[in-house]
Amino acid sequence: MAKSVSLFVTCLVDQLFPPVGLAMAEVLERIGYSIDFRQAQTCCGQPAFNSGHREPARDVARYFLDTFEDAEFVVVASGSCCSMISHHYADLFGSDSKMMDRVHAMEAKTYEFSRFLLDVAQVDDVGARLNRVATYHDSCHALRELGIKKGPRQLLSKVEGLELREMPVAEECCGFGGTFSVKFAELSGAMANTKIESIKQTGADLVVSIDSSCLMQLEGTMRKQGLPISTMHLAEVLASR
Amino acid sequence: MSREFILGRVRSALDRKTGQVVPPPPPVWLLDTDWTLEEKLASFKEKLERLAGVVHMADSPENAREIVASLITGKTAVVSNATLLADLGITRLPGVTVAGQDSEQSRKLCAECSFGITGAAFALAQTGTLVMRANSQEARLVSLLPPLHVAVVRKEQLIVDLDELLTKIPKPVEDSSSMVLITGPSRTGDIEQILVRGVHGPGVVHVVFL
Amino acid sequence: MSIQETLQDSKLQLAIYTATGRLMDHRANAISPELLPRYQEMRQHAHDLKKHTIENLDHYMEEFEKNVIAHGGKVVFCKDATEVSDFILRLAKERGAHLFVKSKSMTSEEIDLNERMEHHGLEPVETDLGEYIIQLAHQKPYHIVAPALHMTRFQVADLFTEKLGVPREEVIEEQTMIARRVLREKFLAADIGITGANFLVADSGAVVVVENEGNARLTSSAPKIHIAVAGMEKLIPRAQDLAVMLGLLGRSATGQALTSYTSILSGPKRPGEVDGPEEFYVVLLDAGRTKLLEDPEKRESLYCIRCGACLNHCPVYRKIGGHNYPWVYSGPIGKILAPQFKGLMADPWLPFASSLCGVCAEVCPVKIDIPRVLLQLRSEITEEKQRTNQGGLERLAFKAFAWAMRRPWIYEWGGMMGAGLLGNGGRWISELPIAPGPVKAWLSQRHLPAPAVRSFREQWRARRTK
Ligand code: SF4
C-alpha cells in the first residue's frame with residue numbers, strides 16, 4: 001500500500017492558487033504517495049502571530065495541531081508557513097510543557113514540499129519537463145529559518161528543457177512580509193522593484209519559488225509594469241510534463 | 001554617586017547577589033599558527049602593500065640606516081627614544097631630532113616634523129600590523145602626528161597574528177597605558193566612500209625589517 | 001525627509017544602495033571560507049562570550065572598575081544623560097576646560113552629549129570626518145559606521161564654504177585635507193578628549209577603540225584629560241577575548257581583519273612614559289540598560305557590537321536610509337533598541353516596519369536574533385494597545401480571523417465571498433473614492449492575483465467524487 005502524506009496547502013494556496021495544491025498532489029502521487037487532504041484545515045496562524053496578536057495565533061495553532069495530530073507526514077506548500085509551524089509554534093507555547101510536546105511532535109513530521117521530496121522520498125528527478133528559462137527566488141523564511149537553498153535548485157536542475165539562471169541577489173527579500181506590504185505599501189513596492197531588477201538581469205521569463213506569497217508580490221508588481229515574466233510555484237514546475 | 005544604585009539594579013535585573021560567584025566564561029579562543037620566518041615576512045609584506053604601505057628588507061644595520069636616510073633625505077624627522085634606533089645611528093642622521101623624555105618638547109617636535117621614526121614592540125604577519133606600546137622609549141605621538149611614519153623592526157619581533165600577540169601578552173596594558181595596533185596608513189572613506197589616506201594620522205607607512 | 005520622499009529621491013537611493021552594497025561585498029569577501037574557515041564558530045563563540053558577560057554584568061563592571069583604579073584612572077557610573085553632562089561640566093569647571101575634541105561615539109549621540117555641552121557654553125568638536133560633517137550640518141548620523149553616507153561631495157563643498165569660510169572645494173582629497181588642517185589645530189589646543197569605546201576589558205581595566213582615521217588616537221593622546229564614554233554592555237571578560245571580537249567587528253563592519261588603528265588604553269600615562277593624558281576617566285552609562293537587562297528574552301539586544309552589518313544588508317534600511325528611523329540607532333538594531341530604550345509606545349509603528357526577512361540575524365557577528373525580538377516587541381505593543389483601549393478594530397479583526405479559522409465552513413464561505421468581491425482583480429477597490437488608504441497604496445504598486453473561481457478544497461472534493 002502506498003504511504004500516505006497529509007497535505008497542508010495553506011490558506012493562500014487554497015483560496016488564491018489552487019493549481020499549486022493540485023500540482024503538489026500530482027507530484028506526490030507520481031512518486032507513489034497517497035494523498036490525505038483534510039477538509040478541516042485552514043491556516044497556520046502566521047498572519048496573527050506576525051502582527052503581534054499571539055492569543056488568536058495560539059488559537060489557530062492549537063486548531064492546526066488538532067487537525068494534523070495523527071498525520072504521518074505533513075507536507076506544506078510554503079516555506080514560510082512551514083517555518084511558522086516548525087519554528088514559531090514553540091514561541092507561542094513556550095511555558096506550556098504539554099503543548100510543547102505536541103509542538104515538537106508536529107515539528108518532527110512537518111516538511112516543506114521540496115524538502116520532503118529530497119529528504120523523505122529521496123527523489124530529485126520526478127520526470128518533469130518544461131521548456132522555459134527560469135530563475136529561482138529564495139524566499140526568506142525557507143532560506144534563513146529552514147535552511148533551504150540547494151534543494152529546490154537541485155530539483156529544478158532535473159527538469160528536462162528547463163534552463164536555470166541565478167539572479168545577482170537571489171537571497172534578497174521580495175518585500176512582501178504579509179501585513180507589512182499593506183502597512184508600508186510603497187516601501188514594500190520599492191523592495192519588489194529592486195528584486196525585479198535583478199530578475200530582469202537574468203533574461204529569464206519565469207520566476208520559481210516555494211512560497212506563493214512571494215510570487216504573488218512579484219507577479220503582481222511585474223504585471224502592473226507589463227513585464228513578460230511569469231511566476232510558478234516549484235510544485236507547478238515539477239508537475240509539468 | 002550612582003554606583004551602588006546601578007550595580008544594585010543590574011543585580012536585581014539579573015537575579016544575582018553581591019559577590020555571587022560567576023560561572024566560568026567560555027574558554028579563551030586563541031589559535032596557534034606556526035609559520036616560518038619567510039612565510040611571515042612574505043605575508044606581512046603582501047598585507048601592508050595592499051594597504052599602500054611600503055616594506056623594506058635590510059641585510060645589515062648599516063643598510064637599515066641607509067634605507068632610513070634615503071627615505072628622509074632633505075626632510076625633518078623626529079626619532080623615538082628606542083635604543084635600537086640610536087644603536088643603528090639613525091638618531092645621528094641629518095635633519096633628525098630625538099623626541100626625548102619631555103612631553104611638551106616631544107609633542108612640539110612631532111607636530112612640526114615630516115617624519116616620525118619609531119621601533120615597534122611586535123609586528124603581525126597575518127595583517128601587516130605594527131604593535132606600539134607607550135613607554136620611555138616610545139612616545140605615543142611619534143607614530144601619529146607626522147604625516148609619514150617609518151618603523152624599524154627586528155625580524156625576531158615578527159609574530160604571526162593577534163592570537164599570538166595575546167598569547168604572549170595576555171594583559172596588554174599591565175605595564176603600559178597604551179597598546180596601539182597600526183595596520184597601514186590613516187584612511188577615511190567618509191565622503192562618497194572615496195578612499196583618502198592621511199586624514200589625521202600618517203598617510204604613508206614604511207616598515208624596515210632588520 | 002519622509003519615507004516616501006526618500007524612496008522617490010533617485011540620487012539618494014543610488015547613494016545608499018552603492019554604499020551599503022560596497023560594505024556588503026567587503027564583508028562577504030573577508031568572511032569567505034577561504035579567508036576565515038571558522039567564521040561560524042567564531043560567531044557562536046562571540047555570542048556565548050557576550051551572553052556570559054551580560055548575564056554576569058555586575059561582576060565584570062566591578063572587576064573593570066578595580067583594574068581601572070589600579071592603573072590610576074577612575075570609573076564614573078552614570079544612570080542617565082544628565083549625570084554624564086553634570087560630570088563633564090564639573091570637571092570642565094574644575095580644570096578650566098573649554099575646548100573638547102571628540103571621536104566617534106554612538107553612545108554620546110544617544111545622550112545628545114554635544115547639545116548638552118554646547119548649551120553650557122563648552123565647545124565639543126567631532127573629529128571623525130563623517131561625524132565632523134554631520135556636526136557642521138546639525139544632523140544625526142545616517143549610519144552607525146558611516147555617518148555621512150548620504151552626503152555628496154557637492155553638499156560637503158557647500159557646507160565647508162558656509163561653515164568654515166574656505167573657498168569652495170569639490171575634490172574629496174582636498175576636502176579631507178581641509179578637515180585635517182582645521183581639526184589638527186583643535187587637537188593640539190583641546191583641553192579634554194572624549195572617545196567612545198568599542199570594548200571595555202574587565203581583566204585589564206582597558207578601553208578599546210577601533211578606527212581608521214587616527215582621530216581617536218589623537219583624542220585619547222593629545223589632550224591632558226581623556227574621558228571614554230561607554231554603555232556598560234561594552235564589557236568583555238578578558239583582553240584575550242579581543243582576538244575573536246576585533247576579528248569579527250572589523251570584518252563585519254568594513255571587511256577589514258583589523259582596522260587601521262586599534263587602541264587598547266588603560267589609565268593615564270604611567271611613570272616613565274613620554275606622553276599621554278594625565279587624567280583618565282571611563283563613564284559607564286546606564287541610561288536604560290538595566291531596564292533592558294530585566295527581560296531575559298530581549299536582553300540579547302545588548303550583545304550588539306555596532307558593526308553596522310545588519311544595516312547594510314537590511315532591504316528596508318537600504319530603501320529608507322538612516323534618517324527615517326526615530327532614534328540615533330537605525331536599521332534593524334535601531335528597530336529593536338529604540339522601543340526598549342525610548343519606550344514601547346514612542347514609535348509603535350517601528351517594529352512593524354519589517355518584512356521579517358531575517359537577513360540581519362544571518363549577518364550579525366554576535367548572532368542576535370533580531371526578528372525574534374521584533375516579534376516579541378510586536379506582541380508587547382499589541383498588548384499595550386489592548387490595555388489602553390487602542391487598535392480595537394485590528395484586534396477584533398484578528399479575533400474574528402482566529403474564530404473563522406477554527407471553523408472551516410465559515411472560512412470557506414469567507415473565501416467565496418472574497419473571491420466574489422475581488423472578482424476583477426480588486427481594481428474596483430482602488431477606484432472607490434473612499435478606498436482605504438493602505439489598500440489603495442498596495443494596489444497602486446501591484447495587481448491582485450485573480451482569485452480562484454473554485455478553491456483548492458472545492459476542486460479536491462470534485463476530483464475525489466469523480
Ligand atoms: S545587531 Fe549585530 S549586525 Fe547589527 S550592528 Fe549590532 S552587532 Fe552588528
Side-chain angles (χ1 to χ4, degrees), chain B residues 1-3 5-7 9-11 13-14 16 22-23 25-26 28-30 81 99 101 103 106-107 111 126-127 129 134-136 138-141 144 162-163 166 170-194 196 198-201, chain C residues 19 22 45 48-49 52 55-59 61 71 77-79 83 129-130 146 148 152-153 156 172-173 175-176 180 188 204 206 212-215 217-218 221 237-240 242-244 246 257-270 272-276 286 290 293-294:
Chain B
M1 270 282 276
S2 296
R3 183 182 185 279
F5 176 80
I6 293 174
L7 285 171
R9 282 197 64 170
V10 172
R11 283 191 201 105
L14 297 172
R16 281 177 44 82
V22 168
V28 164
W29 165 313
L30 291 173
N81 308 326
Q101 298 297 337
S103 114
S106 156
R107 172 187 172 116
Q126 187 79 262
T127 43
T129 302
N135 48 40
S136 62
E138 296 291 354
R140 295 185 185 200
L141 297 181
L144 181 56
L162 189 55
D163 294 52
L166 292 169
K171 300 266 187 93
V173 284
E174 194 67 0
D175 36 44
S176 164
S177 66
S178 154
M179 177 189 273
V180 175
L181 313 179
I182 301 179
T183 309
S186 150
R187 54 190 273 176
T188 187
D190 276 352
I191 307 175
E192 295 187 11
Q193 295 213 307
I194 300 294
V196 183
V199 49
H200 290 299
Chain C
R22 205 171 289 164
H45 184 77
D48 296 345
L49 261 179
H52 167 84
E55 285 173 359
N56 300 281
L57 196 58
D58 58 315
H59 167 82
M61 288 164 77
H71 294 152
F77 291 77
C78 293
K79 66 172 187 287
E83 288 199 351
L129 180 59
T152 64
R153 67 188 80 187
V156 173
I172 292 173
E173 285 77 3
Q175 293 176 335
T176 307
R180 177 183 164 108
L188 295 176
S204 303
N212 278 315
E213 296 185 358
N215 63 311
R217 287 181 71 194
L218 280 161
S221 296
R238 303 153 298 208
Q240 291 190 320
L242 284 170
V244 166
L246 289 171
L258 277 176
T259 55
S260 301
Y261 304 120
T262 302
S263 301
I264 308 172
L265 309 162
S266 184
K269 75 173 195 175
R270 313 270 170 93
E273 287 178 15
V274 181
D275 53 7
D286 180 347
T290 47
L293 276 181
E294 284 166 13

>> Only pairs of heavy atoms separated by less than 4.5 Å count here; which of C/L258, C/D58, C/L57 has the most with chain B?
In response: C/D58
>> Which heavy atom of B/V173 sits nearest to which heavy atom of C/S266, and what is that distance?
In response: CG2-CB, 3.6 Å
>> I'd like to know which of B/V180, B/L162, B/L181 tops the heavy-atom pair count under 4.5 Å against chain C.
In response: B/L181
> Which bit of B/N81 comes within less than 4.5 Å of chain C, counting heavy atoms only: side chain, backbone, both or neither?
Replying inline: side chain
> Based on non-hydrogen pairs under 4.5 Å, which of B/S177, B/G201, B/A13 is most in contact with chain C?
Replying inline: B/S177
>> Strictly distance-based, threshold 3.5 Å: is any side-chain N or O of B/S186 a donor or acceptor partner for the main-chain N or O of B/V199?
In response: yes
>> Please classify the contact of C/R217 with chain B as side chain, backbone, both or neither, using a heavy-atom distance under 4.5 Å.
In response: both
>> Only pairs of heavy atoms separated by less than 4.5 Å count here; which of B/R140, B/Q126, B/Q101 has the most with chain C?
In response: B/R140
>> To check you understand the geometry: which heavy-atom pair defines the closest contact between C/R238 and B/P25, and what is its length?
In response: NH1-CG, 3.5 Å
> Which region of B/P185, side chain (C-beta onward) or backbone (N, CA, C, O), has a non-hydrogen atom less than 4.5 Å from a non-hydrogen atom of chain C, or is it both or neither?
Replying inline: backbone
> In terms of heavy-atom pairs under 4.5 Å, which option from C/S260, C/S221, C/A206, C/A19 contacts chain B the most?
Replying inline: C/S260
>> salt bridge (charged side-chain N to carboxylate O under 4.0 Å, His left out) for C/E55 and B/R16? Distances and angles first, verdict last.
In response: CA-CA 9 Å; C/E55 285 173 359; B/R16 281 177 44 82; over 6 Å; no
> Measuring heavy-atom distances to chain B, does C/L242 have an atom under 4.5 Å in its side chain, in its backbone, in both, or in neither?
Replying inline: both
>> I need the residue from C/A239, C/P268, C/A146 with the largest number of non-hydrogen atom pairs under 4.5 Å to chain B.
In response: C/A239
> Hey, which of B/A99, B/G189, B/G198 has the most heavy atom pairs under 4.5 Å with chain C?
Replying inline: B/G198
> Is there side-chain contact between B/N135 and B/E138, with heavy atoms separated by less than 4.5 Å?
Replying inline: yes
> Between atom CG of C/L129 and atom CD1 of B/I191, what is the distance when rounded to the nearest 0.5 Å?
Replying inline: 4.5 Å
> Hey, are the side chains of C/N212 and C/Y261 touching, using non-hydrogen atoms and a 4.5 Å cut-off?
Replying inline: no
> Looking at C/R153, C/E173, C/H71, C/E294, which has the largest count of heavy-atom pairs under 4.5 Å with chain B?
Replying inline: C/R153
> Do C/N56 and B/L14 touch side chain to side chain, with heavy atoms closer than 4.5 Å?
Replying inline: no
> How close do C/A243 and B/L166 get, heavy atom to heavy atom, and via which atoms?
Replying inline: N-CD1, 3.6 Å
> What residue in B/L7, B/T188, B/V22 has the most heavy-atom pairs under 4.5 Å with chain C?
Replying inline: B/V22
> Pick from C/D48, C/D286, C/N215: which one has the most heavy-atom pairs with chain B under 4.5 Å?
Replying inline: C/N215
> Taking atom CZ of C/R270 and atom OG of B/S178, what is their separation to the nearest 0.5 Å?
Replying inline: 9.5 Å
>> If you count heavy-atom pairs within less than 4.5 Å of chain C, which of B/D163, B/T129, B/I182, B/L30 leads?
In response: B/I182
> With respect to chain B, which residue among C/Q175, C/M61, C/K269, C/K79 yields the maximal number of heavy-atom pairs within a distance under 4.5 Å?
Replying inline: C/K79
